[in-house]
Visitor: 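Pasting a structure below so you can have a look.
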Amino acid sequence: MTTTDRFFCADAARIRGDSLAGTAPRGTVWVLIEYRGAWPTNGYDGIDLDPVVKAHVWAAAHAVRARIFLIRRLVRPRPEGPGRWAVLHYERSGAYRQRWGTWSSDQDLVEIAEALRSPGHLDEPPVVLVCVHGQHDICCAVRGRPVARALSERWPNLVWECTHVGGDRFAANVVVVPDGTYYGLLDPASAVGVVEEHLAGRIHPDFLRGYTDLAPPQQVAVAALLARFGPAGRHDYTVTGTARDGDDWRVRVELHAPHPTAFDIEVHAHRTAPYRLTCRGPVPSPAVAYEVRSIHSA
């Protein structure tokens, strides 16, 4: 198979016009481990670590439903010295907590388990992750690496390349943590604009996949309000109620500024026709997509 006739899931998703809204995976805790060796297809599960340490870290992360990402700086030649690790928490109050450490030996990573049990520090700068995990899906590398380069040139202290974040067909994917905001279908120019606006407290709906503390229909509801009323900060909208009737959802969302306002958003879920969701997935599968039926003031 030549490059011209090879299947690329991100190209196919753009041609189909796949909807981004409601595709951010759930999660409020993240473990980041700087790993300068080759990244295996299954990320953390496949790296060469002491089996006891590896299992201990995995069990501690699993207990709090934390996702583990391998990370690296976009620096050539490869940096020397100890690697870094981090545990990042998003709290329901909207507070963000981070705890960072370094590791030179596998045993140093045991500290991650303790960090998962402690709150960490407030007021740390956000972390911008760009999925470039080509061993998992080629589109993540082809589309993610130029985005990582552009963002790293602008914010060298905030940006890390990372392993699989989910949603390969939406590459390039960018995740801002610990506030848990997923963006997709980015290129270098749009990525710089999106992150610049995000850091300024203005989240736009155009490339937004969703907020990871919300269920998919709730993500869709918030994105619909951003589309109707314009960009807003990460916590300007709060989901205060959700009711489900089969494939239909009613989501109540409150806007806090400039004046308190509540909205009821009707969201309908449906399965798409089967298609290949990833470059490596040979069997077509349906996806769940969402349609906003109405928006009313509550």
Side-chain angles (χ1 to χ4, degrees), residues 25-91 95-122 124-137 140-141 144-145 148 152 156-168 173-180 182 212-213 280:
R26 299 293 298 272
T28 57
V29 185
W30 294 267
V31 175
L32 311 180
I33 300 175
E34 185 177 6
Y35 191 78
R36 297 167 186 164
W39 290 350
T41 301
N42 54 350
Y44 176 78
D45 290 346
I47 61 176
D48 184 19
L49 288 179
D50 176 274
V52 175
V53 172
K54 189 175 182 179
H56 184 65
V57 171
W58 184 89
H62 181 72
V64 295
R65 298 183 179 180
R67 296 194 66 182
I68 303 177
F69 294 142
L70 304 182
I71 60 172
R72 66 188 175 208
R73 290 290 197 196
L74 184 62
V75 177
R76 302 292 184 270
R78 186 178 298 172
E80 299 179 352
R84 302 185 70 191
W85 60 261
V87 174
L88 304 98
H89 293 257
Y90 173 88
E91 300 180 352
Y96 311 136
R97 295 185 181 272
Q98 301 184 35
R99 183 169 168 182
W100 288 82
T102 60
W103 70 291
S104 299
S105 68
D106 294 1
Q107 193 64 33
D108 295 336
L109 293 175
V110 171
E111 294 183 45
I112 290 174
E114 172 59 31
L116 284 162
R117 294 189 290 268
S118 63
H121 304 287
L122 293 168
E124 295 282 341
V127 177
V128 180
L129 302 174
V130 185
C131 181
V132 299
H133 198 177
Q135 285 294 327
H136 183 88
D137 192 284
C140 297
R145 285 173 182 160
S152 295
N157 295 323
L158 301 184
V159 178
W160 296 83
E161 296 182 327
C162 76
T163 48
H164 177 61
V165 301
D168 306 340
N173 287 294
V174 170
V175 186
V176 183
V177 289
D179 71 12
Y182 264 65
T212 62
D213 62 314
R280 291 178 178 269

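Side chains are part of it too, since the values below use all heavy atoms of this structure and drop only hydrogens, waters and symmetry mates. Bear in mind that the values here come from a model prediction, so they are computed numbers and not experimental data. For reference, positions follow the sequence shown, starting with 1.
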Visitor: How about I33 and W103: do any of their side-chain heavy atoms sit closer than 4.5 Å?
Guide: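 Yes. Closest side-chain heavy atoms under 4.5 Å.
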Visitor: Which pair of non-hydrogen atoms, one from G134 and one from A141, has the smallest distance, and what is that distance?
Guide: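 Reported closest heavy-atom pair: CA-CB, 3.6 Å.
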Visitor: Determine the minimum heavy-atom distance between R36 and G81, stating which atoms define it.
Guide: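 Distance-wise, the nearest heavy atoms are NH1-O, 2.6 Å.
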Visitor: Test of understanding: with salt bridge (charged side-chain N to carboxylate O under 4.0 Å, His left out), list the residues that count as partners of R97, not counting sequence neighbours.
Guide: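 For R97, the residues satisfying salt bridge (charged side-chain N to carboxylate O under 4.0 Å, His left out) (neighbours in sequence not counted) are E91.
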Visitor: For W160, does the six-membered ring have the charged nitrogen or CZ of R73 within the cation-pi criterion, i.e. under 6.0 angstrom from the centroid and within 45° of the normal?
Guide: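 Judged by the rule, R73 and W160 form a cation-pi pair.
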Visitor: With side chains defined as the heavy atoms from C-beta onward, is the minimum distance between V132 and C140 less than 4.5 Å?
Guide: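 In short, these two side chains do not touch, never coming nearer than 4.5 Å.
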Visitor: Is there a side-chain contact between W39 and T41 in this structure, where contact means two heavy atoms from C-beta onward sitting under 4.5 Å apart?
Guide: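 Result no, sub-4.5 Å side-chain heavy-atom pair not found.
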Visitor: Got L158 and V127 here, is their nearest side-chain heavy-atom distance under 4.5 Å?
Guide: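 L158 vs V127: side chains apart.
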Visitor: Please name all residues satisfying side chain to side chain contact (heavy atoms under 4.5 Å, CB included) with H121, sequence neighbours left out, ordered by chain then number.
Guide: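 So H121 forms a side chain to side chain contact (heavy atoms under 4.5 Å, CB included) with E124.
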Visitor: Tell me, which pairs form a salt bridge (charged side-chain N to carboxylate O under 4.0 Å, His left out) where one or both residues lie in residues 99-117, sequence neighbours left out?
Guide: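 Only E114-R117 qualify under salt bridge (charged side-chain N to carboxylate O under 4.0 Å, His left out).
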Visitor: Sequence neighbours excluded, which residues qualify as side chain to side chain contact (heavy atoms under 4.5 Å, CB included) partners of A66?
Guide: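 Partners of A66 by the side chain to side chain contact (heavy atoms under 4.5 Å, CB included) criterion, ordered by chain and then number, come out as V29, V31, A61, V64, L116.
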Visitor: Where the side chain of T212 meets the backbone of G27, is there a donor-acceptor pair that is under 3.5 Å apart?
Guide: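 Looks like yes, one N/O pair under 3.5 Å.
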Visitor: Which atom pair, heavy atoms only, marks the closest approach of P178 to W30?
Guide: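 It is O-CZ3, 3.5 Å.
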Visitor: For Q135, what residues pass the side chain to side chain donor-acceptor pair (under 3.5 Å) criterion, not counting sequence neighbours?
Guide: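 Q135: no side chain to side chain donor-acceptor pair (under 3.5 Å) contacts found.
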Visitor: Taking the side chain as every heavy atom from C-beta outward, state whether L32 and L70 have any pair of such atoms under 4.5 Å apart.
Guide: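 No, side chains not in contact.
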Visitor: Among residues two or more places apart or on two chains, list those pairs meeting side-chain hydrogen bond (donor to acceptor under 3.5 Å, both in side chains) that have a residue in residues 57-71.
Guide: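 Passing the test, one end in residues 57-71: R67-Y182.
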Visitor: Not counting sequence neighbours, which residues clear ring-ring contact (aromatic ring centres under 6.0 Å, His included) with H136? List them please.
Guide: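 ring-ring contact (aromatic ring centres under 6.0 Å, His included) check on H136 returns H133, H164.
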Visitor: Taking all non-hydrogen atoms of both residues into account, name the closest pair between A148 and V159 and its distance.
Guide: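 Taking every non-hydrogen atom into account, O-CG1, 4.3 Å.
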Visitor: Any side-chain heavy atom of R72 sitting closer than 4.5 Å to one from E161?
Guide: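 Yes - at least one pair of side-chain heavy atoms lies under 4.5 Å apart.
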Visitor: By the definition side-chain contact (heavy atoms from CB on, under 4.5 Å), identify the one residue from V175, T163, V177 that meets it with F69.
Guide: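 Result for side-chain contact (heavy atoms from CB on, under 4.5 Å) with F69: T163.
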Visitor: A side-chain contact here means heavy atoms from C-beta on lying under 4.5 Å apart; do V165 and C162 qualify?
Guide: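 When only atoms from C-beta onward are counted, C162 and V165 do touch, with a gap below 4.5 Å.
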Visitor: List the residues meeting side chain to side chain contact (heavy atoms under 4.5 Å, CB included) with P82, not counting sequence neighbours, and say none if there are none.
Guide: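 Residues passing side chain to side chain contact (heavy atoms under 4.5 Å, CB included) with P82: T102, S104.
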Visitor: State, yes or no, whether a side-chain contact exists between V110 and V57 at a heavy-atom distance under 4.5 Å.
Guide: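 In short, these two side chains do not touch, never coming nearer than 4.5 Å.
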Visitor: Tell me, please, which residues at least two apart from D213 pass salt bridge (charged side-chain N to carboxylate O under 4.0 Å, His left out).
Guide: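 Salt bridge (charged side-chain N to carboxylate O under 4.0 Å, His left out) list for D213, sorted by chain: R234.
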Visitor: Please list every donor-acceptor pair under 3.5 Å in which a side-chain atom of residues 44-54 meets a protein atom from a residue at least two apart or in another chain.
Guide:
residue: Y44; atom: OH; partner: K54; partner atom: O; Å: 2.9
residue: D50; atom: OD1; partner: V52; partner atom: N; Å: 3.0
residue: D50; atom: OD1; partner: V53; partner atom: N; Å: 3.0
residue: K54; atom: NZ; partner: D45; partner atom: O; Å: 2.6
residue: K54; atom: NZ; partner: I47; partner atom: O; Å: 2.8

Visitor: Minimum heavy-atom separation for P40 to A38, with atom names?
Guide: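 The pair with the smallest heavy-atom distance is CD-O, 3.3 Å.
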Visitor: Checking R84 now: which residues fulfil side chain to side chain donor-acceptor pair (under 3.5 Å) with it, not counting sequence neighbours?
Guide: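 With sequence neighbours excluded, R84 shows a side chain to side chain donor-acceptor pair (under 3.5 Å) to no residue whatsoever.
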Visitor: By ring-ring contact (aromatic ring centres under 6.0 Å, His included), which residues pair with Y96, not counting sequence neighbours?
Guide: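 Y90, H235.
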Visitor: Locate the shortest heavy-atom distance separating G166 from N173; write the atom from each residue and the value.
Guide: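 Heavy atoms of G166 and N173 come nearest at O-ND2, 3.8 Å.
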